[in-house]
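Contents: one structure, followed by commentary.
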Amino acid sequence: MLFEFQNPTRLIFGAGVLKRLGKLTRAHGKRAMIVTGGGSIKRNGTYDRAIASLGAAGVTHVECTGVEPNPRITTVLHGAQMARDEKCDVIIALGGGSVMDAAKVMAAAVYYDGDPWDMIYHGQAAPHVPTRALPLITVPTLAATGSEMNAGAVITNEKTTVKSYVIADVMYPRVALVDPELTLTVPKDQTAYGVCDLITHVTESYFNGQDGTPLQDRFAEGVILTAMEWGPKAVANGNDLEARAQVQWASVVALNGWVQAGVEGGYPVHMIEHVISAHHDIAHGAGLAIVNPAWMRFAAKHRPARFVQFAQRIFGLQPKHAEDMECALSGIDKFEAFLRAIGCPTKLSEMKIGDALLQRYAQDTLRVTPDEKGRLPARPPMNEKDIVEILRSAL
Ligand code: NZQ
Ligand code: ZN
């Protein structure tokens with residue numbers, strides 16, 4: 001292992017911490033742009049409480065509302081313009097991963113005169129790497145992406161049907177104010193998708209990373225086991241604050257860089273899923289629940305011992321030997337059954353997606369950040385035929 005780790009985001013976690021929003025924001029500016037989604041926080045009272053806290057601390061605000069799930073580049077443009085026009089000096093993202101991601105790119109786009117799509121990796125020769133952004137405070141209302149404490153954002157270009165990512169140090173939020181009370185109203189399906197998303201964040205590095213990372217393996221397994229214990233409770237009873245808190249903490253840890261430190265490896269399941277949600281506008285976590293088990297069955301053939309370890313440590317299965325494929329595949333079956341039990345789809349047909357565009361999905365996936373041979377970085381690296389095969393098995 002050879003790595004460097006730095007995550008500058010100040011994390012404040014726990015039920016009730018929303019009331020600290022005003023003072024925390026005031027440390028970064030006097031005029032805030034609050035970025036919000038489609039209205040859930042207005043209906044459940046979170047918005048009013050946030051505004052009251054800002055007002056009490058002497059922070060004025062404007063609202064950039066209507067960020068859609070799978071946030072669009074045109075929405076980012078609109079928000080960046082609003083932040084400039086209104087002379088905001090700080091941005092608050094109050095919502096799910098889509099709101100947080102849009103707010104991150106808005107914060108950087110304020111200082112960029114070009115097209116913000118230049119920042120998003122979509123196969124262009126020289127992506128624009130932002131070096132400046134307005135200070136950002138994230139207040140997640142859904143436990144899933146980990147966006148509240150990382151430097152990544154995923155944006156869709158609705159004209160070209162491309163969904164892809166940017167990672168830049170300036171996009172690390174200054175503060176992540178993580179209050180599990182805000183997630184009590186998340187509906188069952190979105191709760192389940194969030195559980196799937198956070199588990200997939202750690203399975204990506206667990207299965208695609210380098211060998212010889214025993215402590216990181218245990219971190220990843222800890223995240224998975226915690227999510228599998230508390231996720232179903234949060235799905236069954238949305239008002240279970242303890243379950244909401246445990247799931248949300250797991251979601252933060254899953255993608256704030258700690259589990260991945262020293263492991264490296266790609267994000268093939270995410271890269272494939274982003275293309276599916278670009279074309280069909282489905283929830284990210286639902287897409288992952290379909291792609292991940294299918295990808296696992298493909299990858300297990302190339303790295304059976306790692307999948308045996310997963311089966312053994314997550315599901316307590318007993319292999320006959322270190323590369324026991326039957327055991328490896330049983331572990332994947334059990335994982336898929338878990339996803340189904342909490343209410344995730346595991347087949348494309350459940351989302352009314354057929355086989356018409358399989359090749360196009362594969363080609364789009366490979367366009368974003370291929371390796372030197374044009375393959376999708378992963379263990380094993382994948383070509384167009386491999387991706388089509390995986391998706392076909394998920395029909
Ligand atoms: O828009 P509103 O009305 O708020 O409703 C949302 C939306 O319909 C609703 N919701 C959020 N909080 C709620 C709530 N409903 C009731 N009560 C609450 N407290 O949930 C729906 C989905 O919201 P969204 O933000 O889209 O979900 P999620 O947090 O799963 O974010 C998904 C996006 O994040 C990207 C995904 O690709 C997708 O675009 N990702 C971002 C990552 C990152 N920045 O690190 C990594 C991830 O792997 C992922 O790719
Ligand atoms: Zn994800």
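What you see is a predicted model, and the numbers here were worked out from it, not measured in a lab. Whatever order the structure lists ligands and atoms in, that order sets their numbers, starting from 1.
Here the CZ-OG1 distance, from R72 to T156, works out to 8.0 Å after rounding to the nearest 0.5 Å. Distance check: T365 OG1 to I390 CD1 gives 9.5 Å after rounding to the nearest 0.5 Å. Rounding to the nearest 0.5 angstrom, the gap separating the CG atom in D355 from the OH atom in Y361 is 9.0 Å.
In summary, the side chains of S53 and K19 do not present any donor paired with an acceptor at a separation below 3.5 Å, with no hydrogens or angles considered. Between the side chains of Q312 and Q318, no donor N or O sits under 3.5 Å from an acceptor N or O. Inspection of the D281 and N70 side chains reveals an N or O donor paired with an N or O acceptor under 3.5 Å.
Of the polar atoms of G146, none of the N or O atoms is found under 3.5 Å from an N or O of ligand 1, judged by distance alone. At least one N or O atom of S98 sits closer than 3.5 Å to an N or O atom of ligand 1. Backbone and side-chain nitrogen or oxygen atoms of D101 are examined, and one is located within less than 3.5 angstrom of a nitrogen or oxygen of ligand 1. Ligand 1 has an N or O atom lying under 3.5 Å from an N or O atom of T141, backbone or side chain. Residue G152 has at least one nitrogen or oxygen atom sitting less than 3.5 Å from a nitrogen or oxygen atom of ligand 1, judged on distance alone.
With Q190, E273, E68 as candidates, the residue nearest to atom 22 (C) of ligand 1 on a non-hydrogen basis is Q190. Of the listed options H284, M100, K163, K163 places a heavy atom closest to atom 39 (O) of ligand 1. Ranked by closest heavy atom to atom 42 (C) of ligand 1, the top entry among L182, T145, D189 is T145. Summarising the contacts of atom 8 (O) of ligand 1 with A102, G97, S40, P69, the nearest heavy atom is found in P69. Considering only non-hydrogen atoms, atom 11 (C) of ligand 1 lies nearest to L142 out of L198, L142, V186.
Nearest heavy-atom pair, P130 versus M119, reported as atom, atom and distance to 0.1 Å: CG-SD, 3.9 Å. Residues V67 and A102 share a closest heavy-atom pair of CG1-CB, 3.8 Å.
The atoms of ligand 1 that sit less than 4.0 Å from any heavy atom of G37 are 1 (O). The ligand atoms of ligand 1 that sit less than 4.0 angstrom from a heavy atom of L255 are 45 (O), 46 (C). In summary, the atoms of ligand 1 found under 4.0 Å from a heavy atom of P71, numbered by their order in the structure, are 39 (O). Below 4.0 Å from some heavy atom of T185 lie the following atoms of ligand 1, by number and element: 16 (C), 17 (N), 18 (C), 19 (N). Of all atoms in ligand 1, listed by their number and element, those nearer than 4.0 Å to a heavy atom of H270 are 48 (O). Under a 4.0 Å criterion applied to the non-hydrogen atoms of S147, ligand 1 contributes the atoms 43 (C), 44 (N), 45 (O). Distances below 4.0 Å separate heavy atoms of G38 from the following atoms of ligand 1: 1 (O), 2 (P), 3 (O), 4 (O). Heavy-atom contacts of P187 reach the following atoms of ligand 1: 15 (N), 16 (C) (cutoff under 4.0 Å).
The proximity of N70 to ligand 1, defined as any non-hydrogen pair under 4.0 Å, involves the side chain as well as the backbone.
Closest to atom 30 (O) of ligand 1 among all protein heavy atoms lies A144 CB, 3.8 Å. Atom 45 (O) of ligand 1 has its closest protein heavy atom at N150 ND2, 2.9 Å. In terms of protein heavy-atom proximity, atom 50 (O) of ligand 1 is closest to H274 NE2, 3.0 Å.
When the options Q309, R379, R306 are evaluated for a side chain to side chain contact (heavy atoms under 4.5 Å, CB included) with F207, the one that passes is R306.
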Q: Dump the intermediate steps for salt bridge (charged side-chain N to carboxylate O under 4.0 Å, His left out) on E63 and K42, then the final yes or no.
A: CA-CA 12 Å; E63 186 192 2; K42 303 272 170 65; 2.8 Å; yes
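The presence of a protein heavy atom under 4.0 Å from atom 6 (C) of ligand 1 is ruled out.
Under 2.8 Å from the Zn ion (ligand 2) lies an N/O/S atom of D197, whether from backbone or side chain.
Contact between S277 and ligand 1 is absent, with no heavy atom of the residue lying under 4.0 Å from the ligand. Under a 4.0 Å heavy-atom criterion, P140 is not in contact with ligand 1. At least one heavy atom of D197 sits closer than 4.0 Å to an atom of ligand 1. Under a 4.0 Å heavy-atom criterion, G95 is not in contact with ligand 1.
Counted within 6.0 Å of CD on E326, heavy atoms from surrounding residues, nucleotides or ligands total 12 or fewer; the atom is thus considered open. When the shell of 6.0 Å around NZ of K334 is examined, it contains 12 or fewer heavy atoms from other residues, nucleotides or ligands. Other residues, nucleotides and ligands contribute at most 12 non-hydrogen atoms within 6.0 Å of the NZ atom of K30. Within a 6.0 Å sphere centred on NZ of K23, other residues, nucleotides and ligands contribute 12 heavy atoms or fewer.
Here the angle centred on the Zn ion (ligand 2), running from NE2 of H270 over to NE2 of H284, is 100°, rounded to 10°.
Relative orientation of the F335 and F310 rings is perpendicular, given thresholds of 30° and 60° on the angle between their planes.
Distances from the Zn ion (ligand 2) to the N/O/S atoms of H201 are shortest for NE2.
With salt bridges taken as basic N to acidic carboxylate O contacts below 4.0 Å, none links R20 and D179.
For H122 and Y165, the ring centers are positioned 6.0 Å apart or more.
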